[in-house]
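Order of listing sets the numbers, starting from 1, for every ligand and every atom in it.
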Amino acid sequence: MIYKRFTSGTIASCTYILADEFTKEAVMIDPGYTQKEADVFIEEENLTLKYIIDTHGHADHIHNNAYFKTKYGSEILIHPLDANYLENPNMNLSEYLGYALQSPPADRLVNDGDEIKFGREILTVHHTPGHTPGSISLSRDGAWFVGDLVFNGSVGRTDLTGGDADLLMKTLKEKIINLPEETKIYSGHGYYETTIKEQKRVNPFFLNLMGGQDE
Ligand SMILES: [Zn+2]
Ligand SMILES: [Zn+2]
């Protein structure tokens with residue numbers, strides 16, 4: 001598996017590229033503000049960018065959807081409940097950032113349990129709402145790409161368009177906290193991955209949920 005993280009901008013937005021090392025088929029998770037470095041990487045590794053996967057519809061995660069789709073002919077994948085964020089500057093928050101971002105529409109809508117195949121690799125889609133209604137996480141072999149659901153020591157904001165704090169906690173409780181402790185968590189912002197084990201130690205939202213689980 002080829003893996004690369006790009007972190008950029010003042011809010012340390014993360015874009016990830018994953019690829020099958022033999023077929024060179026690749027996916028990009030959240031084309032936020034990274035552009036040139038990703039182009040260089042794609043060229044150097046001779047990758048075919050098959051899919052652009054948006055963990056949710058906020059501008060800092062979809063900013064370069066149009067750029068990469070146009071350049072590489074990739075398909076844009078998003079959950080149906082966030083699909084309307086793509087072309088709506090109010091929903092995707094670009095309006096608040098001072099511009100009007102309109103991504104191309106989704107080529108394919110992905111739901112809980114769907115598999116995204118590239119080469120011999122597979123990412124499984126998990127519907128993990130709360131930060132937005134259609135937020136998804138993507139898993140593969142002990143690694144979870146969670147968008148703005150969980151950060152090292154925190155969770156995603158729920159005061160933005162479509163946010164729901166109770167729903168986010170329900171998602172954490174039902175889909176995240178009981179994953180194997182060695183599971184690696186790759187967030188939508190930040191410079192380092194973390195683990196479930198680490199978050200059970202440092203993340204107040206995890207600790208809060210665990211409060212009722214002790215004997
Ligand atoms: Zn967001
Ligand atoms: Zn974000």
query: More than 12 foreign heavy atoms under 6.0 Å from OH of Y99: is that the case here?
result: yes
- prompt: What class does the angle between the rings of H131 and H56 fall in, given that below 30° is parallel, 30 to 60° is tilted and above 60° is perpendicular?
  reply: perpendicular
message: Check this for me, if you would: do E181 and K200 make a salt bridge, where the nitrogen-to-carboxylate-oxygen distance has to be below 4.0 angstrom?
response: yes
- request: Answer yes or no: are there more than 12 heavy-atom neighbours, outside K24 itself, under 6.0 Å from its atom NZ?
  value: yes
message: Are I122 and R140 packed together at the side-chain level, in the sense that at least one heavy-atom pair is separated by less than 4.5 angstrom?
response: no
- line: Sorted by chain and number, protein N/O/S atoms nearer to the Zn ion (ligand 2) than 2.8 Å are D60 OD2, H61 NE2, D148 OD2, H189 NE2
message: Main chain of G119, side chain of E25: is a donor-acceptor contact present, judged purely on distance under 3.5 Å?
response: yes
